[in-house]
There are 2 protein chains.
Amino acid sequence: MKSDTEAKNRPYRLPTIEDVARLAGVSTATVSRSLNTPDRVREETRNAVEVAVKALGYTPNFGGQVLASRRTNTIGAIIPTMGNAIFATALQALQETLALRKVTLLVATSQYAPEQEQVQLRTMLARGVDGIALIGTERSAEAYDILTARQVPFALLWSIPDELPYLTIGFDNTRAAAEVARRVLEFGHRRIGVISGMTDGNDRATARLRGITSTLEAAGVVLGPEDVIRCHYTLEDGEAAARRLLSGADRPTALICGNDVLAAGAMRGARHLGLNIPADLSVTGFDDIDLATAVSPALTTVRVPHKRMGASAGERLLEWIDSGHQPQSLSYSAEFVFRDSLAPPSSG
Amino acid sequence: MKSDTEAKNRPYRLPTIEDVARLAGVSTATVSRSLNTPDRVREETRNAVEVAVKALGYTPNFGGQVLASRRTNTIGAIIPTMGNAIFATALQALQETLALRKVTLLVATSQYAPEQEQVQLRTMLARGVDGIALIGTERSAEAYDILTARQVPFALLWSIPDELPYLTIGFDNTRAAAEVARRVLEFGHRRIGVISGMTDGNDRATARLRGITSTLEAAGVVLGPEDVIRCHYTLEDGEAAARRLLSGADRPTALICGNDVLAAGAMRGARHLGLNIPADLSVTGFDDIDLATAVSPALTTVRVPHKRMGASAGERLLEWIDSGHQPQSLSYSAEFVFRDSLAPPSSG
DNA sequence: TTGCAACATGTAAGCGCTTACACAGGCGTT
DNA sequence: AACGCCTGTGTAAGCGCTTACATGTTGCAA
């Protein structure tokens, strides 16, 4: 009975290192060394092992490897969503970097929900990842506790240190957003609406909003609560927010948006209201994803170094894992990108 | 010396199942059962174990678990790129489905390159994934050999069986593309350009192109080699292709594109040439990603059941893994979505 | 020739978990 | 009262690999 069942699932048992050793006429230790540290083995022996490996179609068993070496060669990443190309692409850059080093990427999404993130975090740690990449710095102390208790190397992307002792690889969201606001002001706008992402639990959104409001206020443009909308990051949310902001009597002449998706949504909303961009309304985004140049007029936005952050995260994490020492944090700059969606307000 | 080094890396050794067993006053087998099959353990015992687990902060060691159970609870997915939201979102749906069952997702991208895919495939198998999701059906016999030799459950997404005995979860690309062509013809277009993705190694692109050309030909519209451009799937490629197709003397009045990204690129190209859409030129896409409604006019396209494919892939793979039997393939329908980018040609 | 590195390989002890099997005790049936 | 069965738990044998240590070889200096 039992052998029957077994036969159904695994007609032949996969070759083990022992099979290879036997066929090559060496010990399992030598096979292991041949595969992992080839330079510690005589060429002749190495060849014999290689032949045996090929003949049997041997691949090391992952579980055995992990158990014995205490390494999974796996890194985890938890991002808010794959729906936004900015994260998806950063992830791809990370994965490509890791692939060069034979490390694989475990991914999960949090949907911008801290509890979700924590669940995923736990799962990843249980999977024994050697390192973890997370977006942003704002999360529960508990989450950080889990991380540090396990002594797992981790990198925080997208933000720069808030005096945190952790490895961060990011850019100054506040400053970048402030520059957008400054440019909008420079074009002469005074009635300005802001479409921000949800700020709770999201330090990037918070930082950007802070950059915007403080810059505007410094210029004497004070935003009322009805001038700022916080919403989720979808086209529909952006559109709805724009419609609301534009429905009042004293309509804004410019909409500063928390990211390109919201901005594209806002543009769609404005269009539906019969407004012309940028003649009747200027719109700015943030991220500079492809979408920014796919819409018309193209979006004024901020170019976020997403691929570089993804790639660097991979490099630094691997460095940390190998050396046992936390590497230096990294701060990139985000570049303002001027395009046609921003223009002076029509004299009205 | 040795203990020094150890101390540096791991001040406290992580608790093992044995520590838990000792503290709870039971055997390791009972701890294991408490955790994996709680209903086989008396409540009282289970509680004792739970208390011990909490007290020690115990998490099962992944390597040990894998080695003993011959299961990694990990599923791999190899997609062409994360850059296109259609795949990123499908992946997210897959991941969410798996998360419900405590299974994690390993991801990799192939950049539409079969060799790349095969490398990634090997890596994933070496990681001992319990199942694999791949896009499309066209790949080397060798790739299929690897898969079947290892007897790893795998699902092919996005296409429907080409008489393949494998688990496929897809839709009829040919038919969907044919419908697009039919609609374009219905609107009266006769001068038609096609911007297709690269067709080699890409059965979806091939199928779509076939659907388009055969439908057009059946209506007496014969495409010359200069009317069809095959390019990569970026906005820029779409734009460049459109410029080329639109630069000739007898300009097409409609452009049928292999996906929404190409279509958005084509729209941008047309705009730069001073053409008005849809008055001067109709454009159609494929996928119905957010981008399709972010551009103006909104794209006529085909709604691809990407989330459902992702989710179903997860379910069927898990089913296969658990039961040991390959589940039935699944065929979804792809719905034509009419929007403003398609209109009759201007009488010129 | 001898002694001693340096190198190549083998031996065997785990790594932490799951699970087949054995066993004890309680229950219902005959 | 004897029997068999079910339930709950323990015992212990692996799962396949890495690696510290031991052993055997070789080459070279003394």
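These values consider heavy atoms only, across backbone and side chains, with no hydrogens, waters or symmetry-generated copies. In the text below, chain A, chain B and the rest are named by the order of the sequence lines, each starting its count at 1.
Remark: the B/R127 side chain and the A/T72 side chain contain no N/O donor-acceptor pair separated by less than 3.5 Å. With 3.5 Å as the limit, one finds no donor-acceptor pair spanning the side chains of A/Y166 and A/T137. If you check the side chains of A/S140 and A/Q118, you find a donor sitting under 3.5 Å from an acceptor. Looking at B/E50 and B/S34, their side chains never bring a donor and an acceptor atom within 3.5 Å of each other.
Remark on DNA chain C: of its neighbouring residues A/A29 and A/G64, the 5'-side contact belongs to A/A29, judged by nearest-heavy-atom nucleotide. The 5' end of DNA chain D is approached more closely, in terms of each residue's nearest nucleotide, by A/T16 than by the other of A/R33 and A/T16. Residue-to-nucleotide proximity on DNA chain D shows that, of B/E44 and A/F62, the 5′-proximal contact is made by B/E44.
Rounded to an integer number of Å, the gap from CG of B/L35 to C1' of C/dT19 is 15 Å. Across the protein-nucleic acid pair, B/N61 atom CG and C/dC17 atom P stand 5 Å apart, rounded to whole Å. Atom CZ of A/R22 and atom P of C/dT9 are 19 Å apart (whole Å). Here C/dC15 presents its C1' atom at 12 Å from CD of B/E18, a figure rounded to the nearest Å. Rounded to a whole Å, the CG atom of A/D39 is 13 Å from the P atom of C/dT9. Put simply, CG on B/N73 is 13 Å from C1' on C/dT18, counting in whole angstrom units.
Distances shown here put a side-chain N or O of A/S27 below 4.0 Å from the OP1 or OP2 atom of C/dG10. Between C/dT18 and B/N36, a contact under 4.0 Å exists linking OP1 or OP2 to a side-chain N or O. Regarding contacts with the backbone of C/dT9, a side-chain N or O of A/R42 is found under 4.0 angstrom from either OP1 or OP2. The side chain of B/T30 contributes an N or O atom lying less than 4.0 Å from OP1 or OP2 of D/dG10. The phosphate of D/dT18 (OP1 or OP2) has a side-chain N or O of A/S32 nearer than 4.0 angstrom.
The B/Q65 side chain lies nearest to C/dT18 when the options are D/dT18, C/dG10, C/dT18. Checking C/dT18, C/dA8, C/dC17 against every side-chain atom of A/T45, the shortest atom distance belongs to C/dA8. Across C/dG10, C/dC17, D/dG16, the shortest atom-to-atom separation from the side chain of B/I17 is found for C/dC17. For A/L67, taking side-chain heavy atoms from C-beta onward, the closest of the listed nucleotides D/dC17, C/dG16, C/dA20 is C/dG16.
Within 4.0 Å of B/V26, counting heavy atoms only, lie sugar-phosphate atoms of the nucleic acid but no base atom.
Contact detail for A/L167 and A/Q326: the closest heavy-atom pair is N-NE2, 3.2 Å.
Side-chain to base pairing of A/R70 with C/dG16: no donor and acceptor N or O lie closer than 3.5 Å to each other. Counting distance only, with no hydrogens placed and no angle test, the side-chain atoms of B/R46 and the base atoms of D/dG8 include no donor-acceptor pair under 3.5 Å.
Contact check on B/D203 versus B/R139 returns no salt bridge, with no Lys/Arg side-chain nitrogen under 4.0 Å from an Asp/Glu carboxylate oxygen.
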